[in-house]
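The block underneath contains the structure these notes are about, expressed in structure tokens.
Below, each value reflects all heavy atoms present in this structure, side chains not excepted, and no hydrogens, waters or symmetry copies. Order of appearance sets the numbers: ligands from 1, and atoms from 1 within every ligand. As the structure is a computational prediction, the values presented were derived from the model and not from experiment.
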Amino acid sequence: MTSTSGSDGNGELRGAGRSDAERSDAERYDAEPFLPGRGGLPAHRRAAADCHGCPLYEEATGTVFGSGTSAARLMLVGEEPGDQEDRQGEPFVGPAGHLLRRALREVGLDEEPAYLTNAVKHFKFTRFEHGRRRIHKPPSLREMTACRPWLDAELRLVRPEMVVALGAIAVRSLLGPTFRVTKDRGSTVPLPPPPGTERKDAEQARVLITLHPSAVLRSDDREAAYAGFLADLRVAADALH
Ligand code: URA
Ligand code: SF4
């Protein structure tokens, strides 16, 4: 039975009706104290493994940091690791990842060294069937905000030219509440400079807004959704080639 009390994970995203106790909790959700003061991606990956910046580390197997080279011109940002990613410790290795990799191949972006990561680095889920099945839950705004320093660090260290925001959570995390996947997909907008980034670098980076690959998998008309996803990704491919 699912509760109808309205206290689901999506309710948190809207932020309305939170108690004062939850509001003061929000101030304590922050990955920043866990970031290493220096070092490259490997140092950050090691430090992220011990992040307790929000409660999501408690239930998940481990942190799923981004993967790829700091030389990548292309960065892909998803929502959060899924069940497979949580087990394997790598982003985009489950069904959504397979679809994404196939799409990248089809638009010729597989040749391009890419950095793959997520807006939130721990898997959030509910257990069903006596704990046997773990069903994904979207991260709350608090959790997204807490985890943002890791994404900022990845953006600083990789300095991609093109960032692909896969779905609403990535769009929200990278660009704030102004943009919507439904109305803005297929367009690119400048990446707001992450803290500590020189202006010159930030000016180069653009964000392509598109669907999450899971939305393609869930779609009633999967073929049409996939074609639309490819069309969006071609915008990034054209910009990079
Ligand atoms: N979905 C995501 O958003 N990220 C992953 O890494 C896997 C599935
Ligand atoms: Fe830290 Fe992000 Fe994991 Fe929360 S989700 S514990 S902020 S790495």
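- Using a 4.0 Å cutoff on heavy atoms, H136 does not count as a contact of ligand 1.
- Using a 4.0 Å cut-off between heavy atoms, E85 contacts ligand 1 through its side chain alone, with no backbone atom that close.
- Scanning the protein for heavy atoms near atom 1 (Fe) of ligand 2, the closest one is C51 SG, 2.3 Å.
- Looking only at side-chain heavy atoms (C-beta outward), Y115 and M75 come within less than 4.5 Å of each other.
- The atoms of ligand 2 that sit less than 4.0 Å from any heavy atom of V120 are 5 (S).
- Here atom 4 (N) of ligand 1 lies nearest to N118 when heavy atoms of L99, D83, D86, N118 are compared.
- Annotation: H212 places an N or O atom under 3.5 Å from an N or O atom of ligand 1; distance criterion only.
- Metal site remark for atom 1 (Fe) of ligand 2: H52 contributes no N, O or S atom at a distance under 2.8 Å.
- Ring geometry for F34 versus H52: interplanar angle of 30 to 60°, hence tilted.
- Closest to atom 2 (C) of ligand 1 among all protein heavy atoms lies E80 O, 3.0 Å.
- With R73 contributing its side chain and L240 its backbone, the two residues share a donor-acceptor pair below 3.5 Å.
- Between the side chain of T63 and the backbone N or O of F65 there is no donor-acceptor pair closer than 3.5 Å.
- Each of the following atoms of ligand 1 lies closer than 4.0 Å to a heavy atom of P91: 6 (O).
- Under the 6.0 Å distance and 45° angle rule, R172 does not count as a cation-pi partner of F179.
- Residues P81 and H122 are not in side-chain contact: their nearest non-hydrogen atoms beyond the backbone lie 4.5 Å or more apart.
- Between G78 and ligand 1, no N or O atom pair is found at a separation short of 3.5 Å.
- For the pair R45 (side chain) and G66 (backbone), a donor-acceptor distance under 3.5 Å is present.
- Scanning all protein heavy atoms for the shortest distance to atom 4 (Fe) of ligand 2 gives C54 SG, 2.3 Å.
- Residue W150 touches ligand 2 through its side chain alone, judged by heavy-atom distances below 4.0 Å.
- E79 and H136 are linked by a side-chain donor-acceptor pair at a separation below 3.5 angstrom, with hydrogens and angles left out of the test.
- Residue C147 approaches ligand 2 through these ligand atoms, each under 4.0 Å from one of its heavy atoms: 2 (Fe), 5 (S), 7 (S), 8 (S).
- Distance from atom 3 (Fe) of ligand 2 to its nearest protein heavy atom, with residue and atom name: H122 ND1, 2.1 Å.
- With hydrogens and angles ignored, the 3.5 Å screen pairs a side-chain donor or acceptor of T145 with a backbone N or O of L141.
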